[in-house]
Amino acid sequence: MHRLWIISLSLLPTLAVAHPGAECEADTTIVVDKVQVTAIKQGPVLRSLPIAATIVGHRDVERGDVDALKKLSDAVPNFHAPDYGSRMTSSIYVRGLGSRIEEPVVGLNIDNVPVMNKDAYDTETGDIERIEILRGPQSILYGRNTMGGVVNIYTLSPLTYEGIRLRAEYGSGHTFRFRASVYDRLNPDLGLSVSGFYMRSDGFFENLATQRLCDHEQQGGGRWKVQWRNRRGLKIDNTLSCSVLNQGGYPYAYIGEEIIRNGQTLIRPGEIRYNDPSEYRRTTLSNGFTLRYDAARFSLSSISAYALCDDCMTLDQDFLPLSYFTLQQARTEHTATQEIVVRSRDKGLYRWIVGAFGFYRHATMEAPVVFKETGIKELIVDMADRYAHEEVTIDHPEFPFDSRFRMPSAGGALYHESTLVAGGWRLAAGVRLDIEQARLHYRSATRYACRISQNTIEPFTSEGSLRKTFIELLPRLSALYAFDEDRNLYLSVSKGYKAGGFNTQIFSDVLQNALMERMGVFLQKNYDIDNAVSYRPEQSWNYELGGHFSCADGLVRGDFALFWIDCRNQQLTVFPPGLSTGRMMTNAGRTRSRGAEVSLRLLPVRNLTFDAAYGFTDARFVRFHDGQNDYAGNRIPYAPQHTLSAGITWTIPTGVEWLGDVVLRGGMRGAGSIEWNEANTRRQPFYALFDASVRLEQRRYALDLWCRNASGTRYDLFYFKSIGNEFVQHGRPRTMGITLSLNIN
């Protein structure tokens, strides 16, 4: 079994990948020892490019037990990926940009295959060889929904790694994790790997209404990977993966005043207490087929992919021990993508890349909101009596508002980038033309009749179709000057773009509004479904000055970046005013984000490594008036102002071959302050989490004892409102565990 040595920076962020002078087979393949990471679009050494990037190599993935993006949250400058109430809410915030629902602001690619649905971002990905986190718009090469950056994940290759890998873990919350992989090189040109994983957890937060832990989960899945190469430059990769998730939800704690009914206290501040079932289920299936041909002067790549995401979210939407309303959102999405990339292999004066990308996505969704006893009385009957002075009778214990949708969309893009290398200068210019059409076919209906005075309101239906077309031209200019192989400065200007779309979660409000109008209660006059449901694309201009440096013969290495982002029509998730049942995406007129990032790695003595990283973001509204309030000058919600991490790794050789090395790791990572609403009246102050581990590491095995959030810091990850009540989700408490890894030849 080859030992996998990747010369990269540790889990705590830095911006190096390998020594800049390392020789590579081709300008798109990173080769360190006998490990290969094939990057079709980027060059071999990101440190030599005008990009702010954090690299996490195989050894640091193993030592940090990194199998999901959220485990890198706050350890990367200005990269915040909180562990929200369900794996469906895979939110990532970068430099003040982010998204909680609908389209993502950060792209994700696994083995060069794009993951188009943000609902599938939060999954476990085993046997990771390398993770690249590129910050700032990556629109030229990756297109839509990458205005905050791109995460590229590469998994182990059966052509460079052979053997059996086993991993077992037990931790707090009665959490089990198991993973098994087999890698076999059938002949010099053909490799095959099969892997599977399973995890389960009882959870950490108790729902006092049911007296059970509400955040339990189970997940399992597998991956089948085939790689073939020949000596004429032809390469074929195919990866088939699937996963099944069953997750409880949601650990949302009430933070308002005590709610008292009939002299009885129903819920107190800080309590999780809701009475209706809540859970999230998801099944994913994907297949990526990559065909690549390396000629003498260029490489030609084709990436074809299909993905299925079938999920269902069930939740007590009021999160109270009262029966207001529930939601069950079941969605099935099929996505097909195709990309052709042609890239020069000439390392001379002029280098280029051209490509074409297309996708088709078809989704269907059913999202009925069911009004129950308390909701019928307070949100329908009492409102009709209060505002229309009419007596309403509903004979059914439940009153559903049904909503069904078909959401087909398709898009395509052409892109090109040219790079001129002369002396120490590297000048690049690129452009991408992105075209997309999104459609929404909706049918919403009430199921039962109700009586108002002597009149009967029969069941009614609202249906129709909406269509939006988005066309964007995305340019990028950059200049880099290299003082030597280890030190450079760069300046870049680029445009980012996030697609527009439709607010499907607001349709229950549309029906409620229509029903109340029939009762003579006008919650919103002249209600326009198109304006209420549609939201516009988000565009940004990113101006960045950065650099990479190294001194003392590489014992000190670091990177920095300064950025200014001017954003138009920034998409924000808001909660409609009053006693509303949903959430919606809206556009802020204009925002701006400015800040800085710095990371540093020190090697003061042999076997001792110190890493530190800091990110600062000042993201504010320049122009945003929601019709009632002017939020100009306020901070943008959910994006942390500071991210900070620091850590130390000390490797102690035991001198005993069967025992290997003792690896001591300790560090902290923190984020804040985080504003929770546009008015900036609710916030999470800066918090710090301390982690530590002791690891026995040998070529054939590793044994880890670890502790996360060792100080038991209490902090909040999420805030929202429902029918005027406020809730937060607390971060996980102190957790401890043990992990055993085996490598068998």
Side-chain angles (χ1 to χ4, degrees), residues 15-17 20 27-28 39-55 77-78 94-95 97 106-107 132-144 146-152 341-344 346-355 413-434 472-497 539-549 558-567 593-599:
L15 303 178
V17 46
D27 68 349
T28 54
I40 288 177
K41 296 179 180 180
Q42 251 81 33
V45 183
L46 293 178
R47 190 175 169 82
S48 67
L49 300 178
I51 297 175
T54 296
I55 311 302
N78 286 323
V94 179
R95 296 179 173 181
L97 303 174
V106 174
E132 302 171 350
I133 301 176
L134 315 181
R135 298 182 300 282
Q138 307 298 318
S139 302
I140 297 299
L141 300 184
Y142 298 99
R144 62 194 290 279
T146 62
M147 61 188 300
V150 166
V151 177
N152 295 320
V341 182
V342 186
R343 183 186 178 97
S344 67
D346 187 0
K347 297 184 179 181
L349 179 65
Y350 176 64
R351 305 170 190 180
W352 51 268
I353 181 173
V354 296
L414 297 172
Y415 59 90
H416 168 75
E417 185 174 51
S418 291
T419 302
L420 182 65
V421 180
W425 288 99
R426 184 187 184 104
L427 307 176
V431 66
R432 183 185 185 105
L433 177 63
D434 202 292
E472 290 289 336
L473 194 65
L474 304 169
R476 185 176 192 270
L477 298 172
S478 67
L480 179 145
Y481 183 77
F483 300 97
D484 54 36
E485 292 181 335
D486 296 310
R487 297 177 298 169
N488 55 56
L489 286 174
Y490 68 85
L491 178 67
S492 68
V493 180
S494 54
K495 185 180 181 181
Y497 161 62
Q539 301 99 356
S540 70
W541 282 97
N542 186 91
Y543 309 91
E544 185 171 333
L545 171 66
H548 315 286
F549 62 87
D559 313 87
F560 74 91
L562 306 173
F563 60 88
W564 180 290
I565 302 174
D566 184 11
C567 188
S593 179
R594 61 187 179 188
E597 302 167 353
V598 62
S599 61

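Treat the numbers as computed from the prediction; the structure is a model and nothing was measured.
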Margin query: Suppose we screen for side-chain hydrogen bond (donor to acceptor under 3.5 Å, both in side chains). Which residues come up paired with Tyr497, at least two apart in sequence or across chains?
Written below: none
Item checked: Partners passing side-chain contact (heavy atoms from CB on, under 4.5 Å) against Ile140 (at least two apart in sequence or in another chain) -> Glu417, Arg432, Arg476
Next item on the list: Identify the heavy atoms of Ser139 and Leu474 that sit nearest to each other, and give their distance.
Entry: CB-CD1, 3.6 Å
Notebook entry, point to check: Which is it for Trp352 and Arg343 under the side-chain contact (heavy atoms from CB on, under 4.5 Å) test, yes or no, and what are the steps along the way?
Noted result: CA-CA 6 Å; Trp352 51 268; Arg343 183 186 178 97; 5.6 Å; no
Check: Is there a side-chain contact between Leu420 and Leu349 (heavy atoms, below 4.5 Å)?
Finding: yes
Check: Considering residues at least two apart in sequence or located in another chain, which fulfil the ring pair (Phe, Tyr, Trp, His ring centres under 6.0 Å) criterion with Tyr543?
Finding: none
Next item on the list: List in chain and number order the residues that pass ring pair (Phe, Tyr, Trp, His ring centres under 6.0 Å) with Tyr490, two or more places apart in sequence or in another chain; answer none if no residue qualifies.
Entry: His548
Margin query: Given the ring of Phe563, does Arg594 sit roughly above its face, with NZ or CZ under 6.0 Å from the centre of the six-membered ring and within 45° of the axis?
Written below: no
Checklist line | Which residues share a side-chain contact (heavy atoms from CB on, under 4.5 Å) with Val598, sequence neighbours left out | finding: Phe560, Tyr614
Margin query: Which residues pass the side-chain contact (heavy atoms from CB on, under 4.5 Å) test with Val94, not counting sequence neighbours?
Written below: Phe79, Ile92, Val106, Arg135
Item checked: Qualifying residues under side-chain hydrogen bond (donor to acceptor under 3.5 Å, both in side chains), relative to Tyr350, sequence neighbours excluded -> Ser418
Note to self: For a 4.5 angstrom cut-off between non-hydrogen side-chain atoms, does Leu46 reach Leu134?
What the structure shows: yes
Margin query: For Trp564, give me all partners under ring pair (Phe, Tyr, Trp, His ring centres under 6.0 Å), at least two apart in sequence or on another chain.
Written below: none
Check: Of all residues at least two apart in sequence or in a different chain, which pass the side-chain contact (heavy atoms from CB on, under 4.5 Å) check with Leu545?
Finding: Leu491, Leu562
Check: With side chains defined as the heavy atoms from C-beta onward, is the minimum distance between Ile565 and Leu97 less than 4.5 Å?
Finding: yes
Next item on the list: Please report the C-alpha distance between Leu141 and Ile353 in whole Å, then the side-chain angles of each, then the deciding distance to 0.1 Å, and finally whether the side-chain contact (heavy atoms from CB on, under 4.5 Å) criterion is met.
Entry: CA-CA 9 Å; Leu141 300 184; Ile353 181 173; 4.0 Å; yes
Item checked: Beyond-backbone contact of Arg95 with Asn542, side-chain heavy atoms, under 4.5 angstrom -> yes
Notebook entry, point to check: Arg351 versus Val421: any side-chain heavy-atom pair under 4.5 Å?
Noted result: yes
